[in-house]
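I have placed the structure first, in the form of structure tokens, so that the comments after it can refer back to it.
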Amino acid sequence: MIYACKNEIILEIMDEKEFEGNSFKVSQWINKALLPNEHSNIQEQISMTIKKLQITILETSSLIETTNQEIFDDLPNLLNNIGDVQTKASEVKKQLFAINQELLKTEDKPAASLIELEKKRKRLDATIKALKDADSWSTIVESIDLLFESGDLSGIAAKISKLSASLGLWVQSPDHKQKQEILEDLKNRLEAAVGPKLLAALHENDLEKIKSTINIMRSIDRSRQSFIYVSQHRRGSLHKKWKEASLLAAKDGKFEWYFNFLDNVSTEWNQQNIWLESMASRDLDIQSNSFELLADVFAKLEPTPSTILSDVLQGHGNKLVGLESLRTYLDRFCVNLCSESVSKRCKLDVEFREKIYKLVQQIFYPYKQLISQYVLIEAEKFPVIQFKSEDCFDALREVKQTTISTFVTFYESLRRCQQLTADRHLVVLTKAMVTHLIHYLGAFQLLFDAINRRKQADDFSNCDLCLRFIESLGDVLVNLAKLDTDLTNQIKKLKDMEPPFCHLEKSDYVIIGDDVRAEVDLVLVSVKKGENIVLNAKKAYSGLNTEAQSAAFELIFKPIEKMLRSVSSINWNKESLGLVGDLPAFSYSPQEYITQVGQYLMTLPQHLETYTNADHPGLIYALNTGALPYFTPLKSEEQNNVSSLAAEIILECLGRGLCEQYADKILKLGSVGEAMKPQLLADIEYLSNIFEDMGLELSSPLCEILSYLKGSETTTPFNIKETLEKLFR
């Protein structure tokens, strides 16, 4: 009767619908049920609530059994209906449909009801269990103290997990805050006990012990703290390995010790990340934290890698080879750290990409310090000419070979600059090349001075020497033009370089830096203004080229100039030659001065035979720059399509010079007598025939004089008709 009475009271108080639905939570229900009450303390409320729940569970279990019995009782009817269907073959489809509908009606309602009741019963069981754990708080705390004495860390963790779960049920309890403090103290004690064991397991690389200790920390919500211990161990391990490796630097004398250190770091780091990711909780980003930790470790290594690597490089037999091997290993180290998942994540996660960028910056920081002296190292390799012979022809051969090796070295330097510095020092390297070329010009100047001292000799070897010298200058100018184009294209690529998604895959962008891009901007501004990168060197060599061509022309033209002086000494004012009757024009022979000029001109092709083929691109290029006297400069768009040979260019310039000076001397005669007109005509016609044989043309002024003497009507574009009329009046 009392039980029934109590049961009736319980049913009036307890609302069973609160245990239905997916939103039911044990802790929320208990905190609501255990609201402070003036008439009873918390322990009485817990006991009473447990009794209520137990009676409700009994009734729920009874209801489940009743529902099961109803389903069982309905089964014969279902079987009978199936038998009837079998006897009615003609109505199989209709009967099956009817039975199916009936079966669904018979099953669904009891089954759904049964499932809901089962869920309700489980929730009631969970609520009772939680209440019992909460009621035994003090007992569990006391048992934990005993476990601490025995060293059962797993048992302690399990009980702390119980206390942590039940703490949510004591929200309304007056000593809730005190229980929180007790729980936190127990967690701290357990962490203090587990931490050394975790570090020991990490030192021994015992994965089973590592996993068990991390699981203990995770069970008490100290997963992050466990990975602080892991990070502490990884940091210490790397510092230890670095100190051991750095001691080998002095013995090795190369970078092998550093390469081994990087290989060990890469292998160990990747292996650790694999098992760490398998043990870590979902809220920990092992991948991101590992890269951040590695960047910090590289930044704080002592002694600094920059110092040690710099000392090793200074003692290296071949510094450029050492830098090449170092760059190769650093790239390989970065690639080994870059898994497929890292590469994909870099494309999607900006913050993660920034951490990768900082890591690569730290990895390459010592290397960037080393290559700050890169250009000086390269400049030491630039060829320097040292004349071994006083003979000018031997010296020219040495110059030619040195020029070839100089530009070969330049292009090797450009290749290394891209490989080692990602063109970071391209602008500085270019300046070093220009400085070297200007210094190299000093050797040309010494040689040119020696050639000038030989000018007193009358043989044509001096002229050949000058032409060979001009060819050597042309070789430099040809290579300078190509170098300028290649450098401009390379610098434009440097300017247009975009950062990669993952710097571990491509580290060039990290090496270059914003300071280099600013300098590149200034160079490109100059290029846009029409200035070329090697302008100073080009100006210097072009100046000497002009001097050399003037000297060469003077050597070749000097005999002609000497012969033409006779024009002024001839008496051109004779009205009669003292002969009887008039002589026909063909009776006049050319005078000696002009025949000497003609004979000299006819010998020049033989002297210039060496330069009558296309095997002298340097000389052809130098001559086409327009430095040769009487040369008609080519337009810029025509300079790349020059087909004239060196000998042709020289002869054309000599012809123009001869015509100009000859015409000038004729026009300055003052007057020419009637009897001397046919003689002058014979002289000019002789020269015209020589020019025709050599493929040359008379100048327009000389043609005008010739036409006037013949009495032909011609235009006078040079306005010399009046002069001619006065001359031949």
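Side chains included, hydrogens not; waters and symmetry mates left out as well; all remaining heavy atoms used. In this chain, residues are counted from 1 in sequence order. Here the structure is a predicted model, which is why all the values come from computation and not from measurement.
- The existence of a salt bridge linking K300 and D296 is confirmed by a sub-4.0 Å separation between a basic side-chain nitrogen and an acidic carboxylate oxygen.
- Contact detail for I356 and F291: the closest heavy-atom pair is CD1-CD1, 3.6 Å.
- In this structure, E324 pairs ionically with R415, as a charged nitrogen and a carboxylate oxygen lie closer than 4.0 Å.
- A side-chain N or O of Q272 and one of R234 form a donor-acceptor pair less than 3.5 Å apart.
- The side chain to side chain contact (heavy atoms under 4.5 Å, CB included) test with R332 singles out one residue from T328, N336, L330, V335, and that residue is N336.
- From K243, atom NZ reaches atom OG of S246 across 8.5 Å, with rounding to the nearest 0.5 Å.
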K241 and E268: CA distance, side-chain angles, deciding distance, salt bridge (Lys or Arg N to Asp or Glu O under 4.0 Å) verdict
CA-CA 11 Å; K241 289 180 183 296; E268 182 178 301; 3.4 Å; yes
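- Between E292 and K358 there is no salt bridge, since none of the side-chain N atoms of the basic residue sits less than 4.0 Å from a carboxylate O of the acidic one.
- The aromatic rings of H233 and H203 sit perpendicular, their planes meeting at an angle over 60°, well past the 30° parallel limit.
- Here E412 contributes atom CD and K381 contributes atom NZ; the two are 10.5 Å apart, rounded to the nearest 0.5 Å.
- Put simply, the side chain of Y258 does not reach to within 4.5 Å of the side chain of F333, judged on heavy atoms.
- A donor and an acceptor atom, one from each side chain of T409 and T406, are nowhere located under 3.5 Å apart.
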Trace of the ring-ring contact (aromatic ring centres under 6.0 Å, His included) decision for F382 with F410 = CA-CA 8 Å; F382 293 162; F410 281 176; 5.0 Å; yes
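- Rounding to the nearest 0.5 Å gives a distance of 8.5 Å between CG of L326 and CZ of F364.
- Taking both residues in full, the closest heavy atoms of C417 and H425 are given as SG-C, 3.8 Å, listed atom of the first, atom of the second, then distance.
- By the 4.5 Å heavy-atom criterion applied to side chains, V428 and K431 are not counted as neighbours.
- The OG atom of S310 sits 6.0 Å away from atom CG of L370, with the distance rounded to the nearest 0.5 Å.
- Formation of a donor-acceptor pair under 3.5 Å by the S325 side chain with backbone atoms of G322 is found in this model.
- No side-chain heavy atom of R224 sits under 4.5 Å from any side-chain heavy atom of I228.
- Scanning all heavy atoms of the two residues, the minimum distance from E277 to Q287 falls at OE2-CB, 3.9 Å.
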Where do K344 and D349 land on the salt bridge (Lys or Arg N to Asp or Glu O under 4.0 Å) test, with the steps shown first?
CA-CA 9 Å; K344 288 181 178 178; D349 190 339; over 6 Å; no
Item to complete: Might you work through the side chain to side chain contact (heavy atoms under 4.5 Å, CB included) test for D263 and Y329, ending with a clear yes or no?
Response: CA-CA 9 Å; D263 287 341; Y329 260 83; 4.0 Å; yes
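- Between L320 and Y374 there is a side-chain heavy-atom pair separated by less than 4.5 Å.
- To the nearest 0.5 Å, atoms CG (L262) and CD1 (I363) are separated by 8.0 Å.
- Between P196 and A192, the closest heavy-atom pair is CD-O, 3.0 Å.
- Across every non-hydrogen atom of Y367 and L323, the tightest pair is CE1-O, 3.8 Å.
- A donor-acceptor contact under 3.5 angstrom links the side chains of D486 and Y411, judged on distance only.
- For the pair R345 (side chain) and F352 (backbone), a donor-acceptor distance under 3.5 Å is absent.
- Side-chain atoms of S372 come within 3.5 Å of backbone N or O of Q369 as a donor-acceptor pair.
- Side-chain atoms of Q314 and K319, non-hydrogen and from C-beta on, do get closer than 4.5 Å to each other.
- Within 6.0 Å of atom NZ in K355, more than 12 heavy atoms from other residues, nucleotides or ligands are found, so the atom counts as buried in its surroundings.
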Fill in: Step-by-step salt bridge (Lys or Arg N to Asp or Glu O under 4.0 Å) determination, E378 to R416
CA-CA 9 Å; E378 281 286 6; R416 279 192 295 268; 2.7 Å; yes
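- For the atom pair CD1 (I214) and OG (S226), the distance works out to 5.0 Å, reported to the nearest 0.5 Å.
- Distance alone, capped at 3.5 Å, is enough to place a donor-acceptor pair between the S212 side chain and the K209 backbone.
- When side chains are defined from C-beta on, L293 counts as touching W269, because their heavy atoms get closer than 4.5 Å.
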Evaluate L294 against V265 for side chain to side chain contact (heavy atoms under 4.5 Å, CB included), listing each step before the verdict. CA-CA 10 Å; L294 191 57; V265 170; 4.3 Å; yes
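- Judged purely by distance below 3.5 Å, without hydrogens or angles, the side chains of Q490 and D423 pair a donor atom with an acceptor atom.
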inquiry  = Checking L426 against L414 for the side chain to side chain contact (heavy atoms under 4.5 Å, CB included) test, could you report, in this order, the C-alpha distance in whole Å, the side-chain angles of both residues, the deciding distance, and whether it holds?
reply    = CA-CA 7 Å; L426 180 59; L414 291 177; 3.6 Å; yes
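- P305 has its side chain out of reach of Y365: every pair of non-hydrogen atoms, C-beta onward, lies at least 4.5 Å apart.
- M433 places a side-chain heavy atom less than 4.5 Å from the side chain of S413.
- The shortest heavy-atom contact between F261 and L238 is CE1-O, 4.2 Å.
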